[in-house]
Amino acid sequence: MVNVRQRSLLVAKLRSLWVLGVFVLVGVCALGRITYLGATGATTHRGELGDALIPARGEIVDRNGVALARDFRVYSLWFNPKAMTEGPPLIHTPEEVADGLLRIFPDLNRREVIAQLSSGKPGYIRKSILPEEANRVHALGEPALEYPLEETRFYPQGSMAAHVLGYVDSDGKGHIGMEQVYEKQLTSMEGRTHPAVLSLDFRVQSALEDELSKAMALSHAKGAGGVVLDADTGEVLALASLPAFDPNHVKPSDMMVTPQQAKEGEVPHGFNRVTNQVYELGSTFKPITVAAALDAGTITDLSRRWPAAPLHVGRFTIHDDEDLGPTLNVPEMLIHSSNIVAAQIGDELGGDRLKKTMESLGMNERPQIELPARGFPIWPSGKWPRLRTMTVSFGHGLAVTPLHLATAYAALVNGGIWRPATLDKLDPSEVPAGRRVFSAATSARLRQLLRMIVEYGTGRKADAPGFRIGGKTGSAEKPGVGGYRKHALITTFAAAFPMDKPRYVVVAMMDEPQGTPATSFQRTAAWNAAPAVGRLVPRIGPLLGIMPDETRDIDISDLRHLVPQGDSGE
């Protein structure tokens, strides 16, 4: 009995030691894990329950946290022919069921619905239906009509910023916009729990799209595009291409056109005119030519006068749309938008220096922005001959995107520094250093000249009291089969505000505007693109912290005497 008692005590002690050892081991492991997480900042792995509580795809928000894209649980209408274990899949005939569904969804195709119900094959009849619609389907009394609750991508702002956001297909893959760019981020555990923040401001985006739509309607244009850019950081506050599409309901016609439409120069609604389509942007290039000449020292006196008679270069004649007088100085050339004088300034500057300036502004490569749809410029390679240099000087012979132009104008007015555009919201520490293209003195002089164009020249319809807008109009004929199409214009207005301390660049472009009563039967940028910017800036200025102040303006007193005030044309 004594030996049995001793053996029992020994077994009890060993079991106690084992239990104590397990507790110590668990404690050491837990302490080690806590120390690791505290030192590395790593997050714990979410289990299946945690995964079920977060969306399958992360949210996209604007710079102020407003939702632009998010996952949303909705009902879908599904045909399940095996819902009935015995007998036919439907209680009523396919025709009767189809008629019942058409009373709920009038836009359904009756013939297609009947064919689907008669085929006996399962499939979606409609995706994303409202709860009240699901209740009405239930009232039809057909067990084969099911309405599963599923996750779908929802864009609460509708078609707004569609070309920036892109869309998600039925397989959950992002296309064409930031949905495609952020694909890995949005589907990662971190991205599903923390939204992707864009540089866009949905208020500015809404105002831009509204004013471009209005300008399109007033001028009967076939399309439009625009961008609002932070001149100091390169952040895109708004980017619009019209006509737009609804990413909630993408149709095949939104992403492709027929061969006949393509032959006629049509592009699908999903095509981004701001980043993917290249144009000859006309006279908006003239301030760039002047800035390059000022830096190169070929212009040292803005009062110097150039002949304004038609200029013959070989078999080609450079002319202006109207007689602007025998001679013009630089401010007059910009205000009246003279091709003849711009060509002579470019000729004196030389092709090598003008080409180098354009390269420094990124006009020889695709625009630098995160979007996948980025058009390659029509860039003359090799050494530019004299005529090429002269035509590029006034915006012909070189085709770029409106975004190229926006980043170039930012460098013109921000002190001379070019920075790439970005759709990511940047902290001050993340702003790129950029590269110097123009001297600070040249940038200061261009701010004066751009303001004078709006005060006295072709940009007067863009002037908004108190906002000190400066900019340049441009109207260029569209190229076509056999040469330029004289009755098809691309009109552009590139601007910045406030010119005494530029904060934002605005570019508005109209594709094939027509002369209408609303535009005094004029088609040029002075009558369609410039007024759109003039209406836009007072709407977005206060939203961006820029209040109208008619007591302030950029000082142009040293140049005002060079420009007789009067009517001017483009």
Side-chain angles (χ1 to χ4, degrees), residues 55 57-72 153-168 173-188 190-210 212 225-242 244-248 250 270 272-276 367-374 401-403 406-407 410 419-432 503-507 536 539-540 543-545:
R57 193 176 184 89
E59 192 175 44
I60 300 177
V61 300
D62 83 336
R63 65 187 304 110
N64 300 311
V66 176
L68 302 177
R70 58 170 37 149
D71 272 16
F72 193 70
R153 198 63 166 167
F154 179 59
Y155 301 88
Q157 313 302 331
S159 63
M160 195 188 79
H163 293 85
V164 173
L165 296 172
Y167 68 98
V168 174
K173 299 295 183 183
H175 292 275
I176 79 171
M178 299 306 284
E179 291 279 22
Q180 178 178 332
V181 176
Y182 287 159
E183 180 69 30
K184 290 184 178 179
Q185 176 183 338
L186 293 172
T187 55
S188 68
E190 180 70 17
R192 291 165 63 191
T193 55
H194 296 84
V197 184
L198 298 184
S199 61
L200 294 185
D201 185 320
F202 96 100
R203 304 167 302 173
V204 179
Q205 180 75 29
S206 177
L208 175 63
E209 293 188 16
D210 184 50
L212 289 178
V227 60
V228 179
L229 187 76
D230 189 310
D232 293 321
T233 67
E235 291 172 285
V236 174
L237 277 296
L239 189 154
S241 177
L242 300 178
F245 66 96
D246 186 354
N248 291 301
V250 179
N272 193 331
R273 297 174 185 270
V274 178
T275 66
N276 204 21
Q368 293 195 34
I369 195 169
E370 292 81 2
L371 294 176
R374 297 175 296 126
T401 68
L403 185 61
T407 53
R419 293 182 178 88
T422 181
L423 284 163
D424 287 325
K425 182 181 179 182
L426 301 179
D427 289 325
S429 61
E430 297 174 328
V431 176
R503 291 280 309 282
Y504 300 99
V505 167
V506 182
V507 172
L536 175 67
R539 292 182 62 176
I540 67 174
L543 299 175
L544 299 172

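Not measured: the values here are computed from a predicted model.
Between the Ser241 side chain and the Arg273 main chain, a donor and an acceptor come within less than 3.5 Å of each other. Arg192 contributes a side-chain N or O that, together with a main-chain N or O of Pro55, makes up a donor-acceptor pair within less than 3.5 Å. When atom types are taken as modelled, the side chain of Glu183 and the backbone of Lys173 share no donor-acceptor pair closer than 3.5 angstrom. Looking only at distances, no side-chain donor or acceptor of Arg70 sits under 3.5 Å from a matching main-chain atom of Glu59. Between the side chain of Ser188 and the main chain of Gly191, a donor-acceptor pair closer than 3.5 Å is present.
Taking CZ from Arg539 and CG from Leu208, the interatomic distance works out to 9.5 Å, rounded to the nearest 0.5 Å. Rounding to the nearest 0.5 Å places OG of Ser159 at 10.5 Å from CG of Leu165. Here the CZ-CG distance, from Arg503 to Leu229, works out to 12.5 Å after rounding to the nearest 0.5 Å. Between atom CD1 of residue Ile60 and atom CD of residue Gln185 there is a gap of 8.5 Å, rounded to the nearest 0.5 Å. In this structure, OG in Ser199 is found 9.0 Å from CG in Leu239, a value given to the nearest 0.5 Å. Separating the OH atom in Tyr504 from the CG atom in Asp232 is a distance of 9.0 Å, to the nearest 0.5 Å.
In this structure, Ile176 and Gly270 approach most closely via the heavy-atom pair CD1-O, 4.1 Å. Nearest heavy atom pair, residue Leu403 against residue Ala421, reads CD1-CB, 4.0 Å. Nearest heavy-atom pair, Tyr155 versus Asn248, reported as atom, atom and distance to 0.1 Å: N-OD1, 2.8 Å. Nearest heavy atom pair, residue Gly166 against residue Pro247, reads O-CB, 3.4 Å. Between Val274 and Val227, the shortest heavy-atom contact is CG1-CB, 4.3 Å. In terms of heavy atoms, Ala240 sits closest to Leu212 at CB-CD1, 4.0 Å.
In this view, Thr422 and Glu370 satisfy the side chain to side chain donor-acceptor pair (under 3.5 Å) rule, not counting sequence neighbours. In this structure, Tyr167 has no side chain to side chain donor-acceptor pair (under 3.5 Å) partners at least two apart in sequence or on a different chain. Residues that satisfy the side-chain contact (heavy atoms from CB on, under 4.5 Å) test with Arg203, not counting sequence neighbours, are Asn64, Asp201, Leu543. Remark: Gln368 pairs with Glu365 by the side chain to side chain donor-acceptor pair (under 3.5 Å) rule, at least two apart or across chains. Looking at residues two or more places apart in sequence or on another chain, you find no ring-ring contact (aromatic ring centres under 6.0 Å, His included) involving His194. Arg153 meets the side chain to side chain donor-acceptor pair (under 3.5 Å) test with Asp71, Glu179; sequence neighbours excluded.
Inter-residue side-chain proximity for Leu68 and Val164 is flagged as unmet; no heavy-atom pair is nearer than 4.5 Å. Tyr182 has its side chain within reach of Leu198: a pair of non-hydrogen atoms, C-beta onward, lies under 4.5 Å apart. Between Gln157 and Gln205 the shortest side-chain heavy-atom distance does not fall below 4.5 Å. Between Val66 and Pro156 there is no side-chain heavy-atom pair separated by less than 4.5 Å. Side-chain atoms of Thr407 and Pro420, non-hydrogen and from C-beta on, never get closer than 4.5 Å to each other. You'll find the side chain of Phe202 stays beyond 4.5 Å of the side chain of Val61, heavy atoms only.
Under a 4.0 Å N-O distance rule, the pair Lys184/Glu190 does not qualify as a salt bridge.
In summary, of the residues considered (Val236, Thr275, Asn276), a side chain to side chain contact (heavy atoms under 4.5 Å, CB included) with Leu371 occurs for Thr275 alone.
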Walk me through it: do Leu426 and Asp230 pass the test side-chain contact (heavy atoms from CB on, under 4.5 Å)?
CA-CA 11 Å; Leu426 301 179; Asp230 189 310; over 6 Å; no
Might you work through the side-chain contact (heavy atoms from CB on, under 4.5 Å) test for Arg419 and Val431, ending with a clear yes or no?
CA-CA 9 Å; Arg419 293 182 178 88; Val431 176; 3.9 Å; yes
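Within a 6.0 Å sphere centred on CZ of Phe72, heavy atoms belonging to other residues, nucleotides or ligands number 12 at most.
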